[in-house]
Q: 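Before I ask anything, here is the structure I am working with.
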Amino acid sequence: MDGVADRPSPKIKLMTPLQYAHKPSIDLLAAGGVTGIMDPVAPGIPVGSDTGHLALLGYDPHVYYTGRGPLEALGAGIDLQPMDIAFRCNFATVSDDWTVVDRRAGRISDEEAEQLSSVLVNLSNRLSLDAEVMFKHTVEHRGVLVLRGDNLSEKVSDVDPHKEGVKVQMPRPTDSSENARRTSEVLKEFLIKSKEILENHPINIERRKKGQKIANALLPRGAGRLPNLPLISERFGVKGAVVAGGAIYKGVCRAAGMDVINAPGATGTINTDLESKFRTAIDALNRYGFVLLHIKGTDSASHDKNPELKARFIEKVDMTLGKYLDKIPSDVIICLTGDHTTCSTVGEHRGDPVPILIHGQGVRIDEIDRFDEFACSKGGLGRIRGLDILNILFDLANITKMYGE
Ligand code: ZN
Ligand code: ZN
């Protein structure tokens, strides 16, 4: 559960959402399992969902992280090649002098963004510099941009200024290489051409008529190349799969060599179809040795500074888990945790440790019968690192090979 851990909030009787929520099924797993707290990367280091998930899968982000762009691109279904340069990208509203009016383009719908992105598909042919540019819409105003060609570099600055009311910063090389200079130029030309095209798109003409903000610019950021991860199958000898709504989670898992299984109705929002996700994940256990089920709503409610909603959403997850618990084969090791703390008082990720529980045959059941930040801190696992979770799980499943002879 993304960002499931929290700090006590005055809005819910100075409890955390995990303490405040009524969650009999999750607590049942805690009672029959072993619990602890976990630092995704290291104590006190707030991580993003990208670095957090890399760590949960055992990849030290200090070694393997190459930026969010390539992970988003993989998650969006692009077959990223080692030479490609990938960016995260927002549709935005900018004025004639490229001042950012709205970083989310008046919160355009998925359908509108999809139609707008279709006109960008063939734009590469009209660029003077020789490079292929791919844009793919993901959710709401978000998408990914990939540059493909020879002699490109990830050493280009963010175009997105990350705030409104300031001018867009056209891409600049961040080192002195010819490739970085060339990449900046390709990107700049694409951005200028795409703005011309987007401004006259029927969707934007219609939005202008209705007095809505138009989506007339793309703001790329987070340039990077495909990370080179040792695959789950090589590390543990089993195939892995992920069930998730958001692109970034699918992307991290694809980079680790896992398959993406799409659950109908999985949106990566608080209104996602949890039943569909649980069904899909449990079904995948028939074909895969490792399945990651990612649930985003806990993080979203925290960013909205709504601990009450977060607690209600945890209850929804708990109810769904309750329905499916007896469908999970008894030889499955279940682990429940989060990728970081998201504090619903400040609305941001924090470096506090995250509760974790492990349930299944052979675990050393402790005395903890609740899954929350306080109870789990007294659990039998103690305080562990995110990097060690998969080793612990595969060891419990009797899959891990002995080190030494
Ligand atoms: Zn996260
Ligand atoms: Zn978050």
Side-chain angles (χ1 to χ4, degrees), residues 1-7 9 16-18 37-62 64-65 67-72 74-76 88 90 103-104 138-142 160 162 221-222 227 242-256 258 260 266-272 274 277 292-311 313-314 317 335-356 371 373 385-387 389-390:
M1 298 171 79
D2 205 290
V4 68
D6 211 315
R7 291 176 179 172
S9 165
T16 68
L18 274 173
I37 51 173
M38 180 270 296
D39 295 295
V41 173
I45 302 297
V47 293
S49 280
D50 45 8
T51 45
H53 275 80
L54 279 172
L56 295 193
L57 293 178
Y59 303 106
D60 184 348
H62 295 114
Y64 292 105
Y65 184 56
R68 176 118 176 190
L71 298 170
E72 288 269 351
L74 282 173
R88 302 180 76 187
N90 279 7
R103 279 186 72 233
R104 296 171 170 182
T138 53
V139 282
E140 295 168 328
H141 55 284
R142 302 183 192 92
D160 185 349
H162 296 277
R221 65 186 193 276
V242 59
V243 177
I248 185 67
Y249 316 102
K250 299 178 190 173
V252 171
C253 291
R254 274 192 79 192
M258 294 163 65
V260 174
T267 56
T269 69
I270 206 137
N271 300 315
T272 193
L274 287 172
K277 290 176 86 166
L292 177 76
L293 168 58
H294 177 268
I295 295 172
K296 176 72 177 170
T298 33
D299 185 59
S300 311
S302 326
H303 286 296
D304 290 342
K305 301 186 184 178
N306 194 337
E308 168 101 42
L309 179 68
K310 185 170 177 178
F313 185 74
I314 291 167
V317 174
C335 174
L336 175 59
T337 191
D339 55 341
H340 45 74
T341 291
T342 312
C343 175
S344 53
T345 308
V346 289
E348 288 171 11
H349 298 188
R350 285 293 177 258
D352 314 43
V354 181
I356 178 167
F371 181 73
E373 298 82 348
R385 302 186 307 169
L387 287 173
I389 294 176
L390 283 200

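All ligand and atom numbering here is 1-based and tracks the order in the structure.
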Q: Can you list the protein N, O or S atoms less than 2.8 Å from the Zn ion (ligand 1)?
A: D2 OD1, D2 OD2, S49 OG, D339 OD2, H340 NE2

Q: Got a salt bridge between R350 and E348, using NZ or NE/NH1/NH2 to carboxylate O under 4.0 Å?
A: yes

Q: Could you please spell out the steps behind the side-chain hydrogen bond (donor to acceptor under 3.5 Å, both in side chains) verdict for D2 and H340?
A: CA-CA 7 Å; D2 205 290; H340 45 74; 3.2 Å; yes

Q: Start with the C-alpha distance between I389 and C335, add both sets of side-chain angles, then the distance that settles side-chain contact (heavy atoms from CB on, under 4.5 Å), and finish with yes or no.
A: CA-CA 9 Å; I389 294 176; C335 174; 4.2 Å; yes

Q: If only side-chain N and O atoms count, and only distance matters, is there a donor-acceptor pair under 3.5 Å linking K305 with S344?
A: no

Q: Could you tell me whether the side chains of H349 and D339 share a donor-acceptor contact shorter than 3.5 Å?
A: no

Q: Quick one: list whatever passes side-chain contact (heavy atoms from CB on, under 4.5 Å) with K250, sequence neighbours left out.
A: A244, V260, N262

